[in-house]
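Written out below as structure tokens is the structure these notes cover.
Position 1 is the first residue of the sequence, and the numbers go up from there. Atoms within each ligand, like the ligands themselves, are counted from 1 in listed order. A quick note: this is a predicted structure, and the numbers were derived from the prediction, not measured.
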Amino acid sequence: MGMIIQGATGDWEVVIGLEIHAQVTSKSKLFSGASAAYGAAPNSQVSFVDAAMPGMLPVINEMAVEQAVRTGLGLNAKINKFSVFDRKNYFYADLPQGYQISQYLQPIVGEGKILIDLKDGETREIGITRLHLEQDAGKSLHDQHPSMSFIDLNRSGVPLMEIVSEPDMRSPEEAAAYVKKIRSIVRYLGTCDGNMEEGSMRADVNVSVRRVGEEFGTRCEMKNINSVRFMQQAIIYEANRQVDILESGGTVEQETRLYDPDRGETRSMRSKEEAHDYRYFPDPDLLPLEFDGAFIERIRETLPELPDPKKARFIKDLGLSPYDAGVLVAEKEVADYFEAVAEGRDAKLAANWVIGELFGHLNRTGKDLADSPVEAPALGDLIDLIKDGTISNRIAKEVFEEMFDTGKKAADIVEEKGLKQVSDTGAIEAAIDAVIAANPDKVAEYRGGKDKLFGFFMGQVMKATQGKANPGVVTEILKPKLDG
Ligand SMILES: Nc1ncnc2c1ncn2[C@@H]1O[C@H](COP(=O)(O)OP(=O)(O)OP(=O)(O)O)[C@@H](O)[C@H]1O
Ligand SMILES: [Mg+2]
Ligand SMILES: [Mg+2]
């Protein structure tokens with residue numbers, strides 16, 4: 001569903017296109033051997049190339065090229081067998097070369113498409129315009145000293161993939177679903193860690209508004225947003241700002257704006273008039289990239305099963321609902337965990353336990369799946385105990401709680417606490433007789449037609465047996481006794 005803003009003069013539709021900068025998983029930089037690791041002391045990972053010393057020449061990192069091709073394949077995109085590195089020229093203190101090496105007219109990856117996951121398991125296709133490789137700039141630090149700015153060049157030259165979408169999204173939710181899907185895909189591929197807090201994935205968000213069905217309006221771009229929540233807030237603020245301008249007869253100027261999460265508003269950074277003329281031209285220090293089909297096929301063969309085909313398989317082969325399947329495939333680790341639990345078992349039951357109990361406990365304790373005290377085989381064992389009638393579903397929840405807190409095995413907990421389900425008809429019949437004898441009034445009411453009281457008797461029997469009676473057996477014996 002698109003986001004519609006109602007103005008005094010009619011409805012406005014929101015149009016969004018995203019440029020995502022994803023840091024390539026790589027030990028070294030795009031054109032030098034310096035480390036690309038996050039978090040090192042300022043300027044400790046800077047080669048002469050990254051510092052743009054005169055005469056230093058860039059050498060392409062082949063691994064980063066392969067990662068870009070791999071990502072392109074994961075985005076169902078066309079891989080360009082011939083692509084060119086260009087210089088994007090601008091001046092800034094954290095850009096020692098005076099230009100960024102990027103790709104412009106001939107990027108490494110062309111058009112593609114991905115599916116985004118919306119509410120209730122619905123999906124929608126979003127077009128990918130291109131993916132190109134480029135180097136990151138350094139970082140300016142303005143908050144370290146009252147009158148000086150510092151430069152950290154550790155990021156200078158770090159390999160980035162810029163993934164540009166078509167202006168296909170129509171609401172903040174769709175934009176959020178798109179970012180999550182891109183993150184999911186690059187994580188499956190292992191080409192970017194998708195960590196937005198550490199800045200290894202950032203989004204430039206382009207927003208415009210239009211009358212439904214009319215031409216696109218003028219876009220404004222908000223740069224470097226590093227959280228999905230902030231991005232959604234920025235889109236809502238910016239779309240409303242544009243509607244206000246248009247409703248009062250003004251025109252939206254194409255410009256770059258900055259989103260300030262503290263104030264919840266966007267501010268102008270530079271307008272189109274002041275926009276950079278980057279004077280792109282092919283970098284004479286670098287040869288064009290040229291691949292043959294075999295190179296691309298070799299990479300294609302190593303791709304893992306990606307979230308969408310996996311989701312389709314979970315729905316078709318395992319009988320999961322689209323919603324459950326979507327939740328389980330979003331992270332590869334979760335999908336792997338679920339498959340280990342479901343292997344040879346009732347897949348729907350396994351899905352319920354992973355999504356319900358396991359996720360619930362992980363959320364409540366702020367843990368990741370990787371630190372889960374209950375591993376997949378242990379959860380599988382618990383499910384087996386339910387299936388073979390050793391414990392009821394209700395008792396299983398108690399057992400799971402204990403497994404999660406102590407890391408003990410399900411069978412040991414059941415043994416220690418004497419939680420085995422009682423299916424012994426003699427013991428159950430004795431409990432039922434006691435309950436009937438203790439409640440003559442209720443029995444009379446039930447026999448007088450108050451069917452709903454059956455639940456009351458069930459509850460009493462379960463209580464008398466500490467929840468251990470097999471509910472099926474209880475029903476079987478209780479029913480004829482009550483009916484008299
Ligand atoms: N009318 C529009 N409304 C919303 N988004 C739009 C509109 N027109 C284009 N876009 C989006 O704007 C983005 C343009 O990105 P692109 O990288 O092609 O150019 P750029 O922003 O001019 O360049 P730079 O990389 O220097 O920021 C795309 O994601 C595209 O979908
Ligand atoms: Mg761009
Ligand atoms: Mg842009």
Side-chain angles (χ1 to χ4, degrees), residues 2-3 5 12-22 68 75 77 85-92 95 99-114 116 124-137 160-172 174-176 178-179 181-182 201-225 231-232 234-243 245-246 251-259 266 268-281:
M3 175 185 176
I5 298 177
W12 298 90
E13 183 181 43
V14 182
V15 173
I16 305 156
L18 298 183
E19 299 157 76
I20 290 183
H21 289 92
L75 300 174
F85 285 106
D86 295 289
R87 291 186 180 180
K88 181 178 184 178
N89 300 280
Y90 66 94
F91 173 78
Y92 202 75
L95 187 76
Y99 57 85
Q100 177 190 26
I101 305 179
S102 181
Q103 296 189 298
Y104 189 51
L105 294 177
Q106 291 169 286
I108 185 165
V109 175
E111 285 182 10
K113 54 176 190 287
I114 63 164
I116 57 171
R124 204 160 93 72
E125 189 175 296
I126 303 293
I128 302 289
T129 313
R130 59 189 278 158
L131 175 156
H132 63 254
L133 272 170
E134 62 185 28
Q135 49 172 196
D136 206 348
L160 302 178
M161 299 178 280
E162 178 172 331
I163 303 167
V164 182
S165 85
E166 290 292 298
D168 282 350
M169 285 148 282
R170 296 289 177 269
S171 68
E174 289 187 357
Y178 174 82
V179 171
K181 194 52 171 280
I182 293 283
M201 229 179 93
R202 291 165 281 168
D204 295 350
V205 184
N206 297 271
V207 174
S208 65
V209 298
R210 65 168 173 180
R211 296 284 189 199
V212 180
E214 283 183 13
E215 305 256 293
F216 286 151
T218 304
R219 71 177 157 119
C220 288
E221 175 170 357
M222 293 164 287
K223 289 236 179 241
N224 268 334
I225 297 188
M231 177 184 71
Q232 290 183 271
I235 292 169
I236 292 168
Y237 178 90
E238 180 56 21
N240 280 291
R241 187 188 71 87
Q242 293 180 15
V243 167
I245 292 173
L246 295 169
T251 48
V252 174
E253 300 294 327
Q254 183 174 340
E255 60 182 354
T256 302
R257 299 179 67 85
L258 180 82
Y259 179 65
T266 62
S268 182
M269 269 170 76
R270 50 177 187 261
S271 70
K272 198 185 176 189
E273 276 78 355
E274 315 158 46
H276 293 133
D277 179 353
Y278 294 119
R279 306 265 161 163
Y280 281 99
F281 66 88

Q) Tell me, which N, O or S atom in Glu162 is closest to the Mg ion (ligand 2)? A) OE2

Q.
Counting C-beta onward and ignoring hydrogens, is there a side-chain heavy-atom pair between Ile245 and Thr251 closer than 4.5 Å?
A. no

Q. Hey, looking at atom 4 (C) of ligand 1, which of Ile128, Thr218, Val205, Val15 has the closest heavy atom?
A. Val15

Q: Please report the shortest heavy-atom distance between Val109 and Ala77, naming the atom on each side.
A: CG1-CB, 3.4 Å

Q) Does any N or O atom in Tyr278 lie less than 3.5 angstrom from one in ligand 1, N or O only? A) no

Q: Determine whether the side chains of His21 and Glu134 contain a donor N or O and an acceptor N or O closer than 3.5 Å.
A: yes

Q.
Using side-chain heavy atoms (C-beta onward) and a distance below 4.5 Å, is Cys220 in contact with Gln242?
A. yes

Q. Looking at Lys223, which atoms of ligand 1 are within less than 4.0 Å of one of its heavy atoms?
A. 27 (O)

Q. Among all protein non-hydrogen atoms, which one is nearest to atom 3 (N) of ligand 1, and what is the separation to 0.1 Å?
A. Ser208 OG, 2.7 Å

Q) Using a heavy-atom cut-off of under 4.0 Å, does the side chain or the backbone of Val164 touch ligand 1, or both, or neither? A) side chain

Q | 2.8 Å shell around the Mg ion (ligand 3), exclusive bound, protein N/O/S atoms | A | 4

(Q) Within ligand 1, which atoms have a heavy atom of Leu18 less than 4.0 Å away? (A) 29 (O)

Q. Tell me, which protein residue and heavy-atom name are nearest atom 16 (P) of ligand 1, and how many Å apart are they?
A. Glu19 OE1, 3.8 Å

(Q) Check Glu111 with Arg130, please: is the shortest side-chain N to carboxylate O separation under 4.0 Å? (A) no

Q.
If the condition is salt bridge (Lys or Arg N to Asp or Glu O under 4.0 Å), which residues does Lys181 pass it with, not counting sequence neighbours?
A. Asp117, Asp308

Q: Any atoms of ligand 1 less than 4.0 Å from a non-hydrogen atom of Glu221? List them with their elements.
A: 21 (O), 27 (O)

Q: Distance to 0.1 Å, residue and atom name: give those for the protein heavy atom nearest to atom 12 (O) of ligand 1.
A: Asn206 CG, 3.2 Å

(Q) Tell me every residue that passes salt bridge (Lys or Arg N to Asp or Glu O under 4.0 Å) with Glu221, counting only those two or more places apart in sequence or in another chain. (A) Arg219, Lys223

Q | Interfacing atoms of ligand 1 (cut-off 4.0 Å, heavy-atom, Gly217) | A | 1 (N)

**Q.** Minimum-distance protein heavy atom relative to atom 22 (O) of ligand 1
**A.** Arg219 NH2, 3.1 Å

(Q) What I want to know is whether Val207 and ligand 1 share at least one N or O pair that is separated by under 3.5 angstrom. (A) no

Q: Kindly indicate, with the supporting measurements, whether the criterion side-chain contact (heavy atoms from CB on, under 4.5 Å) is fulfilled by Glu162 and Leu131.
A: CA-CA 5 Å; Glu162 178 172 331; Leu131 175 156; over 6 Å; no

**Q.** Distance filter under 4.0 Å to Lys88 heavy atoms, resulting ligand 1 atoms
**A.** 26 (O)

Q) Quick one: salt bridge (Lys or Arg N to Asp or Glu O under 4.0 Å) partners of Arg210, sequence neighbours excluded? A) Glu13

Q.
What I want to find out is whether Asp86 reaches Lys88 closely enough, with some N-O distance under 4.0 Å, to be called a salt bridge.
A. no

Q) Does any N/O atom on Ser165 come nearer than 3.5 Å to any N/O atom on ligand 1? A) yes

Q | Check: Glu238 and Arg257 side chains under 4.5 Å, non-hydrogen atoms | A | yes

(Q) Would you compute the distance between atom CD1 of Ile235 and atom CE of Met169 and round it to the nearest 0.5 angstrom? (A) 8.5 Å

Q: Considering the heavy atoms of Glu166, write down every atom of ligand 1 situated less than 4.0 Å from one of them.
A: 31 (O)

Q. Do Thr129 and Glu166 have side-chain atoms, one donor and one acceptor, less than 3.5 Å apart?
A. yes

Q) Under the criterion side chain to side chain contact (heavy atoms under 4.5 Å, CB included), which of Val205, Ile126, Asp168 is the partner of Ile16? A) Val205

Q) Can you list the atoms of ligand 1 that are under 4.0 Å from a heavy atom of Glu162? A) 17 (O), 25 (O)

